[in-house]
Amino acid sequence: MVDFSLSEEQVRHVAWVREFMDSHVRPVVAELDKISDPDERFPWGIIEKAHGEGLMRFGLPEAYGGTPVDEVTLCLLMEEFGAADIGVGGIIAQYWNCVALIDRMGNDFHRDTFIRPYLDNPRAIYALAMTEPTAGTDAQLPYDAPDGGPMLEAVPDGDEIVLNGVKTYSSYSNVADVIIVFARTDKSVGLTQGMTAFIVTKDTPGFSVARTFDLMGHRLAPIAELHFDDCRIPKENQLTPWNGGFAEMSRFTVGRYWVGARCLGVARAAFDLALEYAKTRVQGGKPIIEHQMVARQLGEMAMTIEAARNTIWKAAWAAEHPEQADPIVLRMARVLGSEAAMKVALDAVRIHGGPGTFTDVGVEKLFRDAATGLHPAPLDVQLMIMGQVLAGNRQGPVAPLNVAS
């Protein structure tokens, strides 16, 4: 049996998050988006309120004062995040994800050192650092050769690990307190056998933020380039088994269907603006929604959103029932959510006509956010992996991390 009705608890959680977004996010994101310096644009006020009202802890295990919920509920909240501001949503989602990763992959030292001291910090931010200037999709396709994949080097030296290299396109790492870094620990083999994850804090000598990139969309969620120059960390900061980082990474990268859910929120927000405009804008003696072309366009936008939402909900269910589900749907949800955002946002600009390009109308920002939502993990890569799975040349992805577990 299939049941698409939401529980009372899910309705309550969605209402709470929507109220937070209405009160603290929507009134300020347009002005924050216009700030030219990406380092000054970070929404500290919103994050402090999210910490204060318990939103940052919401999806965490009870051991950290969290409220464990199922994956479908998390996707519902991701959609609300995206509808308000996809960048803010990404910051909160990554906080949940990184805390859960440390909790699952680490030990009591990691939990006591890199989770618990930060729970009451209203400015606590977590980041992941995997991509490098010459290594991106290598880790997903993968190109499993000694000369491929991340090359940031980690070498044991007594009671320390010495890191040398560069990471780039690392979300929120310019302001993060704790960064999970994937480094090469054996360059004689491919990345699947020679990569390990470590934890680096922002005050570690030898670690620096080289630059923060300025984005066309997701402007409240910065990405940065990180340099590690003889960066020394305690051996205890090793998070995964030595050379076992890829096995752990492959368990959570497919969780990017969360990105699809946030992109769905962008699509929904663009559709709502277009629908309202079409009902009030009069041309030819009647509201433009009564013109066949516009009505058809709106119908197609609504259909696109619904199709993506159904796939995303199915992916969330599949994440919790991997033995019963086709895991390829997890990647489908990531692609469909992002493509829905791009299509619907572009159609919203078209329906608005000239005003759709005005910065004070709103759809222009959603279009930029939708375009940026095509990353991380380019959609073509996701489609290529689906093709490999269908051809029998690759196993389907394992279930993504459930932060409530």
Side-chain angles (χ1 to χ4, degrees), residues 4-26 29 43 46-47 49-62 64-101 124-126 171-172 218 220-221 252 254-272 305-306 308-320 330 333-334 336-338 340-341 366 369 373 399-405:
F4 290 97
S5 61
L6 302 182
S7 68
E8 292 182 4
E9 184 179 50
Q10 287 174 322
V11 171
R12 185 168 63 252
H13 292 328
V14 169
W16 172 56
V17 170
R18 187 173 297 180
E19 171 59 28
F20 180 90
M21 295 294 152
D22 287 342
S23 299
H24 303 303
V25 179
R26 286 186 174 88
V29 292
I46 294 173
I47 298 306
K49 289 183 175 68
H51 273 285
E53 296 197 14
L55 182 56
M56 301 302 280
R57 290 199 193 196
F58 178 79
L60 304 185
E62 290 180 347
Y64 306 118
T67 303
V69 293
D70 61 275
E71 286 282 344
V72 174
T73 300
L74 290 174
C75 279
L76 293 171
L77 303 188
M78 296 292 163
E79 181 179 332
E80 294 304 319
F81 292 163
D85 184 82
I86 195 169
V88 170
I91 297 167
I92 298 171
Q94 180 131 301
Y95 183 94
W96 292 351
N97 193 35
C98 286
V99 169
L101 286 171
I125 300 292
Y126 288 84
S171 298
Y172 332 123
H218 288 223
L220 305 192
F252 71 86
V254 291
R256 288 193 173 106
Y257 74 88
W258 277 14
V259 179
R262 294 197 297 278
C263 288
L264 177 65
V266 174
R268 191 187 84 195
F271 175 77
D272 289 345
I305 291 171
E306 190 64 20
R309 181 180 288 126
N310 287 341
T311 304
I312 289 167
W313 286 14
K314 185 176 180 180
W317 178 87
E320 295 188 331
L330 304 173
R334 167 69 178 93
L336 286 172
S338 298
L366 293 170
D369 286 342
L401 172 67
N402 179 357
V403 300
S405 61

So, the side chain of [X] versus the backbone of [Y]: is there a donor-acceptor pair under 3.5 Å, distance only?
{"X": "Gln10", "Y": "Ser7", "answer": "yes"}
{"X": "Thr73", "Y": "Val69", "answer": "no"}
{"X": "Thr67", "Y": "Gly59", "answer": "no"}

Return the [atom1] to [atom2] distance between [X] and [Y], rounded to the nearest 0.5 Å.
{"X": "Leu101", "Y": "Gln94", "atom1": "CG", "atom2": "CD", "answer": "9.0 Å"}
{"X": "Ile47", "Y": "Leu220", "atom1": "CD1", "atom2": "CG", "answer": "9.5 Å"}
{"X": "Phe271", "Y": "Arg268", "atom1": "CZ", "atom2": "CZ", "answer": "11.5 Å"}
{"X": "Arg334", "Y": "Trp258", "atom1": "CZ", "atom2": "CH2", "answer": "14.0 Å"}
{"X": "Tyr172", "Y": "Ile91", "atom1": "OH", "atom2": "CD1", "answer": "6.0 Å"}
{"X": "Phe4", "Y": "Lys314", "atom1": "CZ", "atom2": "NZ", "answer": "9.0 Å"}

Side-chain contact test, heavy atoms from C-beta onward, threshold under 4.5 Å: evaluate it for [X] versus [Y] and give yes or no.
{"X": "Trp96", "Y": "Arg57", "answer": "no"}
{"X": "His13", "Y": "Leu76", "answer": "no"}
{"X": "Phe81", "Y": "Ile86", "answer": "no"}
{"X": "Leu77", "Y": "Phe58", "answer": "yes"}
{"X": "Thr311", "Y": "Tyr257", "answer": "no"}

Show the nearest heavy-atom pair for residues [X] and [Y], with the distance to one decimal.
{"X": "Glu320", "Y": "Asp70", "answer": "OE2-CA, 3.4 Å"}
{"X": "Cys75", "Y": "Ile312", "answer": "SG-CG2, 3.8 Å"}
{"X": "Ala124", "Y": "His51", "answer": "O-NE2, 3.3 Å"}
{"X": "Ala267", "Y": "Ala341", "answer": "CB-CA, 3.8 Å"}
{"X": "Cys263", "Y": "Gly337", "answer": "CB-O, 3.4 Å"}
{"X": "Pro43", "Y": "Val88", "answer": "CG-CG2, 4.1 Å"}

Note to self: Between Arg262 and Glu80 (salt bridge meaning N to carboxylate O under 4.0 Å), is one present in this structure?
What the structure shows: no
Next item on the list: Just do the side chain to side chain donor-acceptor pair (under 3.5 Å) check on Trp313 and Glu71 with the steps written out, would you?
Entry: CA-CA 9 Å; Trp313 286 14; Glu71 286 282 344; over 6 Å; no
